[in-house]
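This one's a predicted model, so the numbers in the text were calculated from it and none came from an experiment.
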Amino acid sequence: AADGDIVTHDAATVATETIVSGDMLSQTDADVATNAINNATEAGMMTEEAAEVAVDLIQDATLSNEDISDSLSEAVDADFVSEGAVDVTSEALTDAVNGDMVSQADADMATDAINDATEAGMMTEEAAEVATDVIEDATLSTEEVTDGLSNAADGDIVTHDAATVATETIVSGDMLSQTDADVATNAINNATEAGMMTEEAAEVAVDLIQDATLSNEDISDSLSEAVDADFVSEGAVDVTSEALTDAVNGDMVSQADADMATDAINDATEAGMMTEEAAEVATDVIEDATLSTEEVTDGLSNAADGDIV
């Protein structure tokens, strides 16, 4: 069937190697092999009896994503692997089966979870090898994701600042503000439309940006909890929320409002209602949008000196 172009040589090889060796294979490869067997049978290149035996052998050798996830869940229950790492791994395996790419960061976390579960005896080495291969085959390296942004910046398709914001987040995984997230996402979209970035790389990049984004709503929710616990005043939270909104819209914030907002953020952080990472992002947003009192009054002073007022 492969020689007659009924099925691809790769699909035929996957099916044949599994039938001959009995080695485990992933859900993705099992689907490829089963389709190859069915196509060969429909084309009259394989008897129905042979196809039935072949499909049974493929099914017996298939390690489903559910099997892998079950092993990882056992490792979570025994405190060998974190719940977050298992979620990332399960999502990565699902993406791989669907033909979607996985980021280097998620692949690394998934691989570590698989290794930890194997060392703890919660997953067989054979299962770990299959799972790791699936993740590796679907991994889009950080360099592949960021190269497009770099080329787009060099080609004046996006600004170097926008490319830097996106690249730094993709590489570091550090949190970024809603404002910076919008800048980074626009840069990715523009680079993709210009043909500087593949759609697969863009999808991975946008997912990484979204995962790292600390929205103004997240910040406001933390501050509201601090209000309920009497650590921050309602008025200070209103000023902070308005300042964050102004910053996103490109409007400036007064020094007085910035000081009140910063104090509210610090008080909420000290009370444990806001993470230090979230506080840092929120404070940076406020600082970038702050117009100092001196900047505001200088204009009036100059106008008075020039007899304008």
Side-chain angles (χ1 to χ4, degrees), residues 1-75 81 85-104 106-111 113-115 117-118 121-141 144-145 192 198-204 206-207:
D3 291 338
D5 291 332
I6 305 298
V7 301
T8 67
H9 279 276
D10 286 346
T13 300
V14 168
T16 302
E17 285 183 351
T18 301
I19 292 167
V20 171
S21 68
D23 290 340
M24 298 298 291
L25 80 168
S26 68
Q27 184 70 60
T28 310
D29 285 344
D31 292 342
V32 167
T34 303
N35 287 335
I37 293 165
N38 291 337
N39 292 337
T41 308
E42 288 174 7
M45 301 281 185
M46 197 171 194
T47 66
E48 289 190 4
E49 291 81 5
E52 189 175 345
V53 170
V55 168
D56 285 345
L57 288 168
I58 296 297
Q59 287 176 341
D60 290 343
T62 301
L63 184 73
S64 71
N65 287 351
E66 189 176 327
D67 293 329
I68 297 171
S69 295
D70 285 347
S71 297
L72 289 171
S73 294
E74 290 179 15
V81 180
V86 172
D87 289 342
V88 168
T89 307
S90 297
E91 189 173 343
L93 290 168
T94 301
D95 286 343
V97 167
N98 293 333
D100 297 327
M101 301 303 291
V102 179
S103 72
Q104 185 71 62
D106 284 350
D108 290 344
M109 184 178 289
T111 302
I114 292 166
N115 290 339
T118 307
M122 301 289 178
M123 183 180 280
T124 66
E125 290 191 3
E126 198 172 24
E129 186 177 349
V130 170
T132 302
D133 285 347
V134 170
I135 300 292
E136 282 180 0
D137 289 343
T139 300
L140 195 66
S141 72
E144 288 176 289
V145 175
T192 308
T198 65
E199 289 191 4
E200 291 83 4
E203 188 175 346
V204 169
V206 169
D207 284 345

Fill in: Spatial distance of atom CD (Glu49) from atom OG1 (Thr41) [nearest 0.5 Å]
10.0 Å
Item to complete: Starting from the C-alpha separation in whole Å, work towards a yes-or-no answer on side chain to side chain donor-acceptor pair (under 3.5 Å) for Gln104 and Asp108.
Response: CA-CA 6 Å; Gln104 185 71 62; Asp108 290 344; 3.0 Å; yes
Fill in: Where Ala117 and Val81 come nearest, the two heavy atoms and their spacing
N-CG2, 4.0 Å
Discussion item. I need the minimum non-hydrogen distance between Leu93 and Ala131, along with the two atoms involved.
Written reply: CD2-O, 4.2 Å
Discussion item. With a 4.5 Å cut-off on side-chain heavy atoms, are Asp100 and Glu203 touching?
Written reply: yes
Discussion item. Let's go through Glu91 and Val88 carefully: what are the C-alpha distance in whole Å and the side-chain angles of both, what is the deciding distance for side chain to side chain contact (heavy atoms under 4.5 Å, CB included) to 0.1 Å, and is it a yes or a no?
Written reply: CA-CA 5 Å; Glu91 189 173 343; Val88 168; 5.9 Å; no
Discussion item. If you compare all heavy atoms of Ala127 against all heavy atoms of Met123, which two are closest, and at what distance to 0.1 Å?
Written reply: CB-CG, 3.8 Å
Practice prompt. Answer yes or no: is there a side-chain heavy-atom contact under 4.5 Å between Asp95 and Met101?
Written response: no
Practice prompt. Give, for atom CD1 of Ile114 and atom CD of Glu129, the distance between the pair rounded to the nearest 0.5 Å.
Written response: 11.5 Å
Discussion item. Return the CG to CG distance between Asp207 and Asp106, rounded to the nearest 0.5 Å.
Written reply: 8.5 Å
Fill in: Which atom of Thr89 lies closest to which atom of Ile135, heavy atoms considered
O-CD1, 4.4 Å
Fill in: Val204 and Val102, any side-chain heavy atoms less than 4.5 Å apart
no
